[in-house]
Amino acid sequence: MIATELVQQAWGASAQAASGVLAHVIAGEADPKGIDTQGIVSFFAGKVAPILLAVLGVIFIGRASKGEISKVLTSSAIAIVGLAFIAGAATLFFVGDYLIKLIFE
């Protein structure tokens with residue numbers, strides 16, 4: 001039940017994003033400026049990441065109810081390390097942006 005709701009919500013979000021991209025392509029721009037990376041990052045942070053975290057939570061709860069506490073702790077530690085790597089990558093993005101502005105301005 002929960003998985004189908006998550007899939008439906010993800011499908012709706014991806015369809016909405018695809019229709020926005022299609023409308024942008026059809027309308028066309030006279031002077032293309034590049035890829036909207038801020039929009040892509042906000043889409044992943046707002047739509048994809050919460051769904052993935054919810055799926056991980058359901059998996060962890062399912063394993064814990066079966067008595068596989070050691071697997072839950074191991075998986076939780078791996079997920080926390082993964083989130084730390086993602087946060088580190090975001091930090092490097094901002095540091096790189098700062099260095100580029102510092103060098104070229």
Side-chain angles (χ1 to χ4, degrees):
M1 180 80 177
I2 293 172
T4 58
E5 291 173 2
L6 289 174
V7 169
Q8 288 174 350
Q9 188 170 7
W11 185 264
S14 63
Q16 182 181 9
S19 66
V21 169
L22 183 60
H24 183 69
V25 168
I26 290 173
E29 279 189 21
D31 188 17
K33 306 236 191 279
I35 298 173
D36 181 21
T37 56
Q38 187 64 31
I40 294 170
V41 170
S42 66
F43 172 76
F44 277 106
K47 304 287 184 191
V48 176
I51 292 171
L52 291 177
L53 289 174
V55 169
L56 280 175
V58 169
I59 291 170
F60 291 163
I61 290 170
R63 281 187 176 177
S65 68
K66 292 180 183 177
E68 299 176 0
I69 302 299
S70 63
K71 288 184 180 180
V72 170
L73 292 176
T74 304
S75 299
S76 298
I78 291 170
I80 290 170
V81 169
L83 290 173
F85 275 111
I86 292 170
T91 303
L92 289 176
F93 176 76
F94 291 118
V95 169
D97 186 46
Y98 171 74
L99 289 175
I100 288 172
K101 288 180 181 177
L102 184 67
I103 292 172
F104 292 110
E105 288 184 3

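Any value given below was found using the heavy atoms of this structure, including those in side chains, with hydrogens, waters and symmetry copies removed.
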In one Ile/Leu/Val/Met/Phe/Trp/Tyr side-chain cluster, 4.5 Å: [X], [Y]:
X      : Y      : answer
Phe43  : Leu52  : yes
Ile100 : Ile103 : yes
Val95  : Tyr98  : yes
Phe60  : Ile80  : no

Item to check | Ser65 side chain to Gly62 backbone, donor-acceptor under 3.5 Å | outcome: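 Yes; at least one donor-acceptor contact below 3.5 Å.
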If you round to the nearest 0.5 Å, how far is [atom2] of [Y] from [atom1] of [X]?
X     : Y     : atom1 : atom2 : result
Ile59 : Ser76 : CD1   : OG    : 11.0 Å
Asp97 : Leu92 : CG    : CG    : 12.5 Å
Ile78 : Leu83 : CD1   : CG    : 12.0 Å
Ile69 : Thr74 : CD1   : OG1   : 11.0 Å

*asked:* For Ala79 versus Leu56, what's the shortest heavy-atom pair and its separation?
replied: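 Closest approach of Ala79 to Leu56: CB-CD1, 4.3 Å.
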